[in-house]
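The structure presented is a predicted model; accordingly, all values stated were derived computationally and were not measured. Just so we're on the same page: letters track the sequence lines, and every chain starts at 1.
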Amino acid sequence: MSDEQQAQASNFLSSSKAYESHEVEAKWYARWEEAGVFEASHGDTDLRGEAERETYTIAIPPPNVTGSLHMGHACRTTFEDVLIRHQRMHGKDTLWLPGTDHAGIATQVVVERMLAREGTTRHDLGREVFIERVWQWKEESGGRILAQLRRMGASCDWTRERFTMDEMLARAVREAFVRLYEEGLIYRGSRLVNWDVATQTVLSDLEVEQEEGVEGEMFDFAYALEDGDGELVVSTTRPETMLGDTAVAVHPDDARYAHLHGKKLRHPFVDRLVPIITDAELVDPEFGTGAVKVTPAHDPNDFATGKRHGLEEINILELDGTLNAEGGPFAGMDRFDARKAVKQKLEELGFARGTKKHTMTLPRSQRSGTVVEPMISTQWFVKMEPLAKPAIEVVESGEIQILPEEWNKTYFHWLRNIQDWCISRQLWWGHAIPAWYCADCEEVTVARETPAACKGCGGTKLRQDEDVLDTWFSSALWPFSTLGWPDKTRDLERFYPTQDMETGYDILFFWVARMVMMGLHFMDEVPFKRVLLAGLVTDERGEKMSKVKGNVIDPLDVIDGSTGEALIAKAEKAGAAKSGVRYLKKTYPDGFMSYGADALRMTLLSYSPQSKRIALSIKRIEGYRNFSNKLWNAARFSLMKLDGEEARATGEAPAATALANRWILSRMAVALEAAETGLGSYRLDDASQALYHFVWDELCDWYLELSKPLLEGDDAALVAETRATLVHVLDATLRALHPMMPFITEELWQHVPKAYEVEGDFSTIVLAPYPTAAKDGRLDTEAEASFRVVSDFVKAARTLRAEHDLPRSRPIEIHWHADQAATAEVLLAEQKLVEALTQSSLKREEDGSLFDDPAAHFEDAALFIVPGLRAAVPGVVDVEKERSRLTRELKKIEKDLATVEKKLANESFVARAPEAVVAQEHERRSDFSARVERVRAALEGLG
RNA sequence: AGGCACGUAGCUCAGUGGUAGAGCACUACCUUGACACGGUAGGGGUCGGCGGUUCGAAACCGCCCGUGCCUACCA
């Protein structure tokens with residue numbers, strides 16, 4: 001050990017008994033980033049023999065540039081970081097490409113709010129100045145979320161950070177748009193679209209949320225026949241739309257209305273005759289009056305009906321949701337005011353025919369929350385069917401694997417029923433549509449660069465389309481646009497296709513499916529091999545986190561700690577409702593301790609990926625904070641024992657002869673195998689669980705305890721072997737845990753005396769080899785079987801102590817007899833260890849018959865009986881305690897025995913169950929019945 | 001309306017045909033030189049209900065009840 005290391009080590013050993021995450025996290029992230037350990041190969045260095053190295057790439061789901069870190073990000077970041085760190089340690093050339101999304105509407109809204117505070121609007125500034133302001137804002141505060149990802153430990157390659165509005169990506173967007181247009185897959189058309197009157201833009205179907213179970217009312221009113229001979233009653237939940245009615249439809253076979261076919265109705269407010277048409281598709285004669293008002297410009301079904309019958313489409317709305325001139329007397333009113341006014345006027349005119357309560361679903365804008373209006377508008381669309389087909393095929397063929405698998409169905413269902421995608425948005429912030437309109441002719445010029453002349457007439461009076469593209473259009477290109485496409489860059493060549501796409505299931509359609517389509521279309525290759533979908537993080541009650549509910553848990557508060565008051569203040573500032581504040585007060589009265597990033601990461605990893613909800617429990621985080629501490633102290637103990645000694649971790653399991661050493665290396669192999677399997681199959685919960693239990697239940701509970709007497713013994717070879725095992729197990733454990741708990745493992749690993757170094761700017765665990773069962777463990781079933789003898793014995797002795805209130809300070813003597821010679825040999829060989837763990841002295845009894853009537857041979861003895869072994873502890877018995885203890889034990893075994901006997905008495909079971917299962921039951925029966933007999937004998941001996 | 005999940009200990013969750021598990025909470029004891037953010041021992045479950053398949057079901061199938069999400073429709 002160098003002087004520096006030595007000094008560091010003793011400094012560390014005298015350090016805190018509890019793990020303090022704060023400094024450790026700050027120190028190591030800075031160091032890692034400085035040294036560039038997260039960077040993928042750049043092509044100009046050959047530090048780690050990149051030519052031969054396989055690549056492993058993850059494209060980050062880019063968070064909104066406006067955003068700040070929430071639990072969803074924390075979850076994404078942790079999962080991806082674990083995957084990428086694991087592969088990096090396996091020697092892959094890993095690229096985790098970070099970046100942010102320009103988030104059209106969200107960002108524009110944020111900046112507009114800022115302007116409102118300044119007393120101005122984007123319209124006052126004008127488009128160019130406004131966009132400048134957005135960029136300025138982005139430069140000032142857009143980096144916050146990326147800084148927060150660093151707090152989580154995200155090992156992204158920051159040298160390749162991207163933003164969806166970067167010129168590089170803008171070029172890709174133009175290229176993609178132009179190609180799709182030239183291929184006829186992008187078209188401009190007039191359609192009924194979803195209009196958000198608040199933000200005044202069109203929305204795609206996916207951006208519309210359905211609010212279910214809304215209590216509304218159905219209003220009936222009559223249209224008078226033109227000839228004055230009667231009326232026709234229709235129903236509506238949106239009375240104002242009658243101003244756009246251009247027909248009333250009845251079912252062709254409906255006898256009630258047969259006499260009205262071909263007649264006309266007089267519109268009460270506008271000078272228009274409304275024809276009565278027959279339509280079997282639109283009309284259900286059983287529903288309502290069996291007559292349906294048709295408003296082609298404001299309802300999807302009516303729109304289709306209008307197309308079938310060649311009806312006039314009358315748009316009655318302005319873009320802000322007020323009624324236009326078509327509204328006649330109601331022109332200029334807001335849509336909801338007009339609704340009331342129309343109803344009232346119809347009542348006055350005597351056309352109202354009553355209202356009924358009606359439960360309905362309201363379409364609301366995901367962004368503004370306002371009720372979306374269907375409106376006819378000319379927009380840009382992507383033709384989806386031809387793109388969807390190959391995207392379906394790659395999942396069917398397994399070229400892309402979706403995990404958990406149940407999402408396949410959802411993916412297929414959506415793609416098989418896909419609608420064309422409306423990609424234009426009436427916003428200012430976003431990618432401009434590369435289409436130009438000519439003042440002199442009808443031609444639209446779509447081009448990569450601003451065209452000099454109209455491609456139709458050659459005219460030069462061109463005006464660019466004022467709309468921008470849906471944010472998801474640029475996101476769909478993310479896996480290759482970030483690597484330089486359409487140029488054939490080295491990075492694109494080397495890192496595309498990526499391997500894993502990890503994200504929340506909520507954006508499977510929005511993003512994942514579209515990336516698959518675009519990747520296949522433009523790259524002719526899938527954008528990733530696996531899609532890993534995780535659940536959504538909710539509060540402890542399973543409710544979605546929302547600012548209003550006040551149940552948002554900020555990952556940074558969990559990492560750094562926060563007082564109850566601070567939590568409430570923050571929630572109130574964010575606009576929490578009173579009930580939300582109450583919930584917060586009740587659930588987290590004392591706020592959070594500082595749990596550290598590693599604990600938060602482990603907690604998020606501990607949830608099964610197939611659960612859709614991750615109901616984050618602070619108690620669980622606390623549990624993993626405790627685990628951090630356990631690991632910290634296990635390392636402190638080990639390092640203390642190794643301090644000043646020669647032992648060095650070699651990166652390979654040392655040869656071991658002692659049972660304890662053989663056993664822990666075997667358990668290490670099992671744990672590493674489980675970790676590797678879990679990490680490989682996206683069962684990060686299994687992987688982290690396996691290591692957690694290895695560290696706590698095996699390393700700490702048993703091995704460290706066993707190592708104490710071993711290290712203090714006088715057999716020099718044994719001491720050396722144990723030191724070698726201890727230092728190796730510590731080293732390998734830290735490396736195994738590093739992808740999950742990067743900070744604490746680095747801090748500890750730096751103090752582990754090692755005989756190997758990791759190449760690079762400094763020797764870091766980030767680049768250390770991931771441990772494997774073959775190299776770092778040694779499976780040893782014999783050692784495990786022998787160890788079971790020891791642990792059964794120790795546990796039984798401890799139970800006896802506990803039940804007889806025998807404090808550890810009181811030494812006891814244990815007389816034992818094993819049925820099998822092999823068992824006896826193990827206990828004789830490990831006698832010192834067992835004595836140390838049980839604070840007892842052992843005495844073997846060769847004659848098993850002594851235990852047939854223990855009372856006769858051991859004075860006042862308590863007994864324990866484990867499979868194949870009996871033991872007596874004389875001089876301690878409290879007859880009553882012993883009786884109740886043995887009775888309880890007897891009951892337990894008898895119950896087990898009864899179950900087994902019932903099974904074996906069943907002829908069908910014996911005849912049909914697999915032989916091995918039957919044999920196992922037989923074995924259990926003989927074991928149980930032997931123990932029952934022995935416990936009974938012991939009870940009888942008590943008198 | 002259809003689809004997809006989910007319902008396991010007081011709480012949060014694993015477990016997918018062969019002995020019901022973890023963490024937290026709970027009870028008792030223990031301040032032992034790694035760790036009280038700890039240790040040892042213990043209590044606690046008719047696996048939502050009812051049927052079926054099977055030698056055997058928490059798991060597979062059907063129905064029902066409850067919860068959540070998604071898609072569609074809603075004159």
Please give, in whole Å, the distance from [N] [atom2] to [X] [atom1]?
{"X": "A/Asn194", "N": "B/A72", "atom1": "CG", "atom2": "C1'", "answer": "14 Å"}
{"X": "A/Leu533", "N": "B/C69", "atom1": "CG", "atom2": "P", "answer": "18 Å"}
{"X": "A/Arg924", "N": "B/G56", "atom1": "CZ", "atom2": "C1'", "answer": "13 Å"}
{"X": "A/Gln689", "N": "B/G21", "atom1": "CD", "atom2": "P", "answer": "16 Å"}
{"X": "A/His693", "N": "B/C24", "atom1": "NE2", "atom2": "P", "answer": "10 Å"}
{"X": "A/Phe909", "N": "B/U54", "atom1": "CZ", "atom2": "C1'", "answer": "13 Å"}
{"X": "A/Arg810", "N": "B/C30", "atom1": "CZ", "atom2": "P", "answer": "15 Å"}
{"X": "A/Asn626", "N": "B/G23", "atom1": "CG", "atom2": "P", "answer": "12 Å"}

In terms of side-chain heavy atoms of [X], which of [options] is nearest?
{"X": "A/Tyr692", "options": "B/G39, B/G42, B/G23", "result": "B/G23"}
{"X": "A/Gln920", "options": "B/A41, B/U19, B/C73", "result": "B/U19"}
{"X": "A/Asn629", "options": "B/C37, B/A41, B/U71", "result": "B/C37"}
{"X": "A/Arg888", "options": "B/G42, B/C69, B/A34", "result": "B/G42"}
{"X": "A/Thr361", "options": "B/C73, B/A5, B/U12", "result": "B/C73"}
{"X": "A/Trp696", "options": "B/U71, B/C37, B/G39", "result": "B/G39"}
{"X": "A/Asp701", "options": "B/A14, B/U40, B/A34", "result": "B/U40"}
{"X": "A/Thr799", "options": "B/G39, B/A5, B/A41", "result": "B/A41"}
{"X": "A/Arg625", "options": "B/A34, B/A14, B/C37", "result": "B/C37"}
{"X": "A/Lys795", "options": "B/G38, B/A41, B/U71", "result": "B/A41"}

Touch check for [X], heavy atoms < 4.0 angstrom, all strands: base, sugar-phosphate only, or nothing?
{"X": "A/Ser809", "answer": "nothing"}
{"X": "A/Tyr624", "answer": "nothing"}
{"X": "A/Met593", "answer": "nothing"}
{"X": "A/Leu536", "answer": "nothing"}
{"X": "A/Lys619", "answer": "sugar-phosphate"}
{"X": "A/Asp896", "answer": "nothing"}
{"X": "A/Arg683", "answer": "sugar-phosphate"}
{"X": "A/Pro914", "answer": "base"}
{"X": "A/Ala911", "answer": "nothing"}
{"X": "A/Asp805", "answer": "nothing"}

Is any side-chain N or O of [X] under 3.5 Å from a base N or O of [N], one able to act as donor and the other as acceptor?
{"X": "A/Lys17", "N": "B/C35", "value": "no"}
{"X": "A/Arg798", "N": "B/U40", "value": "no"}
{"X": "A/Arg620", "N": "B/C24", "value": "no"}
{"X": "A/Glu705", "N": "B/A34", "value": "yes"}

SB check [X] [Y] (cutoff 4.0 Å):
{"X": "A/Arg339", "Y": "A/Glu240", "value": "yes"}
{"X": "A/Lys708", "Y": "A/Glu705", "value": "yes"}
{"X": "A/Lys881", "Y": "A/Glu803", "value": "no"}
{"X": "A/Asp896", "Y": "A/Lys892", "value": "no"}
{"X": "A/Glu712", "Y": "A/Lys641", "value": "yes"}
{"X": "A/Arg723", "Y": "A/Glu645", "value": "yes"}

Which whole number of Å gives the distance between the [atom1] atom of [N] and that of [M]?
{"N": "B/G48", "M": "B/A25", "atom1": "C1'", "value": "24 Å"}
{"N": "B/C26", "M": "B/C69", "atom1": "P", "value": "33 Å"}
{"N": "B/G15", "M": "B/G7", "atom1": "C1'", "value": "15 Å"}
{"N": "B/A1", "M": "B/C11", "atom1": "P", "value": "31 Å"}
{"N": "B/A28", "M": "B/C64", "atom1": "P", "value": "48 Å"}
{"N": "B/C37", "M": "B/G33", "atom1": "P", "value": "16 Å"}
{"N": "B/C6", "M": "B/A75", "atom1": "C1'", "value": "36 Å"}
{"N": "B/C63", "M": "B/G17", "atom1": "P", "value": "22 Å"}

Practice item. Verify the ring-centre separation between A/Phe793 and A/Phe864: is it less than 6.0 angstrom? Key: yes

**Study point:** A/Phe627-A/Tyr692 aromatic ring centre distance below 6.0 Å
**Key:**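 Ring-ring flag for A/Phe627/A/Tyr692: true, centres closer than 6.0 Å.
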
[X] vs [N]: side-chain N/O to OP1/OP2 distance below 4.0 Å:
{"X": "A/Lys708", "N": "B/A34", "answer": "yes"}
{"X": "A/Lys895", "N": "B/U19", "answer": "no"}
{"X": "A/Lys409", "N": "B/A5", "answer": "yes"}

Practice item. Mark yes when over 12 heavy atoms from residues, nucleotides or ligands other than A/Gln419 sit less than 6.0 Å from its CD; otherwise mark no. Key: no

May I ask which nucleotide in the shown strands pairs with [N], Watson-Crick or G-U wobble, both distances under 3.5 Å?
{"N": "B/U67", "value": "B/A5"}
{"N": "B/C37", "value": "none"}
{"N": "B/A22", "value": "B/U12"}
{"N": "B/C60", "value": "B/G52"}

**Study point:** A/Ser235 versus A/Lys293, closest heavy-atom pair with distance
**Key:**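 Heavy-atom minimum between the residues: O-CD, 4.1 Å.
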
Exercise for review: Would you kindly compare A/Trp414 and A/Ile614 by the position of their nearest RNA chain B nucleotide and give the one closer to the 5′ end?
Suggested key: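 First, find each residue's nearest nucleotide; the 5'-ward one identifies A/Ile614.
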
Point to revise | Position toward the 5' end of RNA chain B (nearest nucleotide), A/Leu282 or A/Arg912 | key: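 Closer to the 5' end of RNA chain B: A/Arg912.
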
